[in-house]
Every structure is written in C-alpha cells, then in structure tokens.
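For the single chain, residues carry numbers from 1 onward in sequence order.
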Amino acid sequence: MTDHPLRNAQSLDAFWMPFTANRQFKAAPRMLVAAEGMHYTADDGRTVLDGTAGLWCVNAGHGRRGIAAAVERQLATLDFAPTFQMGHPIAFEFAERLAEIAPGGPAAGLDRVFFTGSGSESVDTALKIALAYQRAIGQGTRTRLIGRERGYHGVGFGGISVGGIVSNRRVFPQLPGTDHLRHTHDLARNAFTKGQPEHGADLADDLERLVALHGPETIAACIVEPVAGSTGVLVPPKGYLQRLREICTRHGILLIFDEVISGFGRLGAPFATDYFGVVPDLVSTAKGLTNGTVPMGAVFASRTVHDALMNGPDGIELFHGYTYSGHPVACAAGLATLDIYREEGLLTRAAAVADDWAAAMHDLRGRKNVIDIRTIGLIAGIELAPRPEAPGRRAYEAFVDCFARGLLIRVTGDIIALSPPLIIERGQIGEIVEVLGAAIDRVA
C-alpha cells in the first residue's frame, strides 16, 4: 500500500459512506490521502486548505507529532483495558486534566467526567444521566426531553429524538415524550450579524409554552447547542441562553449544552459555557477532545447531578457505559491534545483572530445570491438563496468548485459552514475568502 494511492486504483464498492450520496460520490470521488498543519493532500497531489477542521474536530491542525508519539507509546504500553469494575491510570489522569478546564471554571462545578466514544454517545449519555438524576431525587415522573428545531445531537435514537433535522428523523421512530422549542434563526431581522443577533431572546420563552402544555413535573431536561453548527451556524440571540437557564431553574429542568462543536476553543474561550457566561447542568463534548485523532467523547456533569446518583444504596449507580469508555489510547491522544492547547494557547486563540475572521467573511456580502452571513469565534455560515427548482444545489456546486481549487468547505442545504483549525493565519483567512468568493460567483 502506498502513501498516495492512484485515483481509481481501488474499489469503492464495499464502504457504505455516512451522510453521503454514495452513488454520486463513487461516480466522481474526492479523496484525501495525507494531512499536515492547515492542509490536506488530495490523491492527485494537490494541496487543499482545510476550512472545516476536518469535521469541526481538528482544532490544533493536522499531523501533530506529539499526539502521534503519545498514541504510539500507549499502544506499546497498554493497548486496551476495561473500565467496567476495573481501572487504568491514564483514564483517571485524563479526567482530572479535563476537570481543571471544565466548562464554566471551578465555580460551575462541572468537573465530573463520563467518557464515551463519540458525540452521539455523549448526547445519549447526557440524556440518560438527566433521567437517572430526576429519578434519584424523587422526580421519577420527569421523563420528557426537550430539544429544539434545527438542532443536531448526533444519530443515536436519543439524539435524533431531541434533534430537529427532518431528514435524520423521517425514516426512524423517536423516543416517546420528546418535544421541541422553536429554532432561533430569524433571517428577516438578524441578517449579516457579527456575533450574537440583537433579536430573539424571547424565543426562549417557548420553553414556558411547553411547560404549560406538558406540566413541569413531566420534563427532565432541555438540550440545546449553544451555537448550532450542523444546521448552518445558528448563533443564539443576546440574552437567549440566559433566559433559557432561568426558565429551566425555575421549573426544576436540567439544562444540557451540546458542545460537541463549540467546545475546546472554537469560540475563543475553552467552551461556549465560558463564552456566553451561562452554566448548564451537563455538557456533552467530543471532536476537539482528541483533535479528531482517536474517536472519543466526554460528558461533564455538575457535582449536584453526579452526587445525587452517589447517595443511593451500594452497587452500580448508573447502569450505562461503553466498551471503549476511557479507552487508554484515546486518553493518551486527549492528554497530548490538552498539552498542545495549553502550550500554544489554542483554547483562547480564536478570540485574537475573530475580528479579522468576521471582517473577511462579511466581505462576501454583496456577492450574488448571498442572503446572510453569520460569524462568531472561528465559525462562519454563508447562506445562499436556493434555486427554486433545486434547493441545496447551489451550495453543493460551490463545495465541489472549492475542492477543485484547493479549499475544503462544508455545506448543509444552501448554507456554507466554515470552521478552520484554530492555528489558522490571517493570510489563510484571505485565501479562504478569495477561493470561496470566486466559487460563489461561478455558481450564481
């Protein structure tokens, strides 16, 4: 096997690709064969600027030698050990290191860490912990889970049930007893906003409507992404998350932040919890946890939630977990990732370049069919007017055009999403805008 296999030198039939139009892709594949720093290498030798940090996950950039060395050492020392009724030191070490930077800082008390294998598993874990907590405190009637329209919480049955992406739900049954807040996207009033929109804090009051409809005694938790990523970079209006927190507290509802995307420096603070100054009860994470190198997730739980489950009779407190919870190789990758974040100041670096990033992205305003641009931290959403006969086609063509010219972007419907590695330099920001702007012009 070579490092750079020739195009079409291998069969593509066996791999059933996730979230991909398989037949379309395999007729004209786009293959990545190597990565270093801010760039991928395509199978034809072209260099491709990574405008998406892989899938929102390679926050420290590609090919970090420290992470590779840590993984190699761990594989040679302890490749796997169970964490069911057994332990291994590196899992406890990693949990302690994460507790030191936990969302909200020491005062928030979100320093109890449950390891999972992915963002989807982290969401389902947080939902189950919320249900178990309510039962543990004598609130067993609280079984309802509240999500939000246009939310993405992974692909487990819990995640798609509280999620609000129609295509993810259409074919599959959902958990009973879920309901959804209205989404916060208001194109008419908030278009072309840098940072948080001015209008829409009152949309949090939709939770009061659901409380009145179902009764507070039936609702266990409400889960939201502080910044919705997969549905097109939907930034919370000013005051929205604060109001949501107040309503949850008033009615005894746990608030869960899904920070799989917004965690680990994406907004210019370690977590969105820190950036917005709103403390939830549980936080689901993954992606940047290991810089995308080894699949892993983690749920941060408040001491209040954790300790309620430790006060019952002796025995297993939570009948939940995964074979790979606290996998030693993933923990090694995570520890090395945290070292890089600390040494290079990456958990806050986005704050230093956010203004330049926003200014550059908003320079795309005025291009034909650009109807909105949304920026916060090192995230941008560029929304294009859909073609009446083919929604989503214009953005997809821009995606293909960009890749052909050396830029990887991500599209969802007719929204282009950008989330580059946190090591991006100002010149590379300009390169993204130049390539993307030309692509938008060509697909107009």
Side-chain angles (χ1 to χ4, degrees), residues 18-19 114-184 204 206-226 228-231 234 244 247-248 251-261 280-286 297-302 305-306 308-309 316-323 325:
F19 281 114
F114 195 105
F115 287 122
T116 72
S118 68
S120 292
E121 289 183 3
S122 289
V123 165
D124 278 18
T125 295
L127 297 175
K128 290 176 76 173
I129 289 174
L131 293 168
Y133 166 79
Q134 297 289 9
R135 180 179 288 270
I137 64 169
Q139 296 289 314
T141 60
R142 292 181 180 265
T143 60
R144 191 176 300 277
L145 301 168
I146 306 298
R148 188 168 59 187
E149 296 170 353
R150 294 187 67 166
Y152 177 70
H153 301 293
V155 294
F157 278 102
I160 65 169
S161 298
V162 294
I165 300 178
V166 174
S167 295
N168 289 2
R169 296 159 51 89
R170 183 176 284 118
V171 178
F172 310 107
Q174 278 93 64
L175 297 179
T178 56
D179 210 335
H180 296 79
L181 305 169
R182 288 182 294 164
H183 65 73
T184 61
D206 206 36
L207 183 55
E208 291 281 20
R209 177 183 64 84
L210 297 180
V211 167
L213 175 64
H214 300 297
E217 73 281 359
T218 71
I219 302 175
C222 175
I223 182 170
V224 296
E225 300 162 276
S230 294
T231 54
L234 308 183
L244 201 60
I247 296 170
C248 285
H251 295 293
I253 299 167
L254 292 187
L255 179 60
I256 304 170
F257 278 179
D258 183 345
E259 292 219 41
V260 171
I261 281 176
D281 302 288
L282 295 156
V283 177
S284 61
T285 68
V299 175
F300 292 86
S302 71
V305 170
H306 170 271
L309 292 170
I316 296 173
E317 296 92 359
L318 179 68
F319 279 85
H320 175 71
Y322 305 95
T323 299
S325 291

Requested in this report: Drop me the distance from I146's CD1 to L210's CG, to the nearest 0.5 angstrom.
Outcome: 5.0 Å
Report task. Using atom types as modelled and distance alone, determine if a side-chain donor or acceptor of Q174 lies under 3.5 Å from a backbone N or O of R169. Result -> yes
Report task. Would you name the heavy atoms of A130 and A221 that are closest together and state the gap between them? Result -> CB-CB, 3.8 Å
Report task. Would you check if the side chain of H180 reaches a backbone N or O of S161 as a donor-acceptor pair within less than 3.5 Å? Result -> yes
Query raised in the report: Between the side chains of E208 and H251, does any donor sit under 3.5 Å from an acceptor?
Result: yes
Requested in this report: List the atom of Y322, the atom of T125, and the distance in Å for their closest heavy-atom pair.
Outcome: OH-OG1, 3.2 Å
**Report entry** Test item: L213 and D179 side chains (from C-beta on) under 4.5 Å apart, heavy atoms
**Finding:** yes
Query raised in the report: Within the distance-only criterion (no hydrogens, no angle test), does the side chain of H183 pair as donor or acceptor with the backbone N or O of G151 below 3.5 angstrom?
Result: no
Query raised in the report: Just how far is it from atom CG of L254 to atom CG of L127, taken to the nearest 0.5 Å?
Result: 10.5 Å
Query raised in the report: Given side chains that start at C-beta, do those of L145 and L131 come closer than 4.5 Å, heavy atoms only?
Result: yes
Requested in this report: Locate the shortest heavy-atom distance separating A301 from L282; write the atom from each residue and the value.
Outcome: CB-CD2, 3.5 Å
Query raised in the report: What is the distance from atom CD of E259 to atom CD of E225, rounded to the nearest 0.5 Å?
Result: 10.5 Å
Query - CD1-CG distance between I137 and L309, expressed to the nearest 0.5 angstrom - result: 9.5 Å
Query raised in the report: Below 4.5 Å, heavy atoms only, C-beta onward: do C222 and L181 meet side chain to side chain?
Result: yes
Requested in this report: For T141 and E217, indicate whether the former's side chain and the latter's backbone hold a donor-acceptor pair under 3.5 Å.
Outcome: yes
Query - Polar side chain donor-acceptor pair, S302 to D281, under 3.5 angstrom - result: no
Report task. Specify the closest pair of heavy atoms between I253 and V211, including all atoms of both residues, with the distance to one decimal. Result -> CD1-CG2, 3.9 Å
Query raised in the report: Backbone N or O of R182 within a donor-acceptor pair of the D206 side chain at under 3.5 Å?
Result: yes
**Report entry** Atom pair CZ (R144) and CG (L175), whose distance is rounded to the nearest 0.5 Å
**Finding:** 12.0 Å
Query raised in the report: Okay, side chain of S122, backbone of A298: is any donor-acceptor separation there less than 3.5 Å?
Result: yes
Query raised in the report: Between N168 and F172, which heavy-atom pair has the shortest distance, and what is it?
Result: O-CD1, 3.3 Å
Query raised in the report: About how many Å separate CG of L244 and CG of L255, when rounded to the nearest 0.5 Å?
Result: 5.5 Å
Query raised in the report: Do side-chain atoms of R142 reach the backbone of Q134 as a donor and acceptor pair under 3.5 angstrom?
Result: no
Query raised in the report: Under 3.5 Å, is there a donor-acceptor pair between the side chain of S325 and the main chain of F115?
Result: yes
**Report entry** Which atom of Y152 lies closest to which atom of D258, heavy atoms considered
**Finding:** O-OD2, 3.5 Å
Query raised in the report: Of all residues at least two apart in sequence or in a different chain, which pass the ring pair (Phe, Tyr, Trp, His ring centres under 6.0 Å) check with H214?
Result: none
Query raised in the report: Are side-chain heavy atoms of R148 and T184 found at a separation under 4.5 Å?
Result: yes
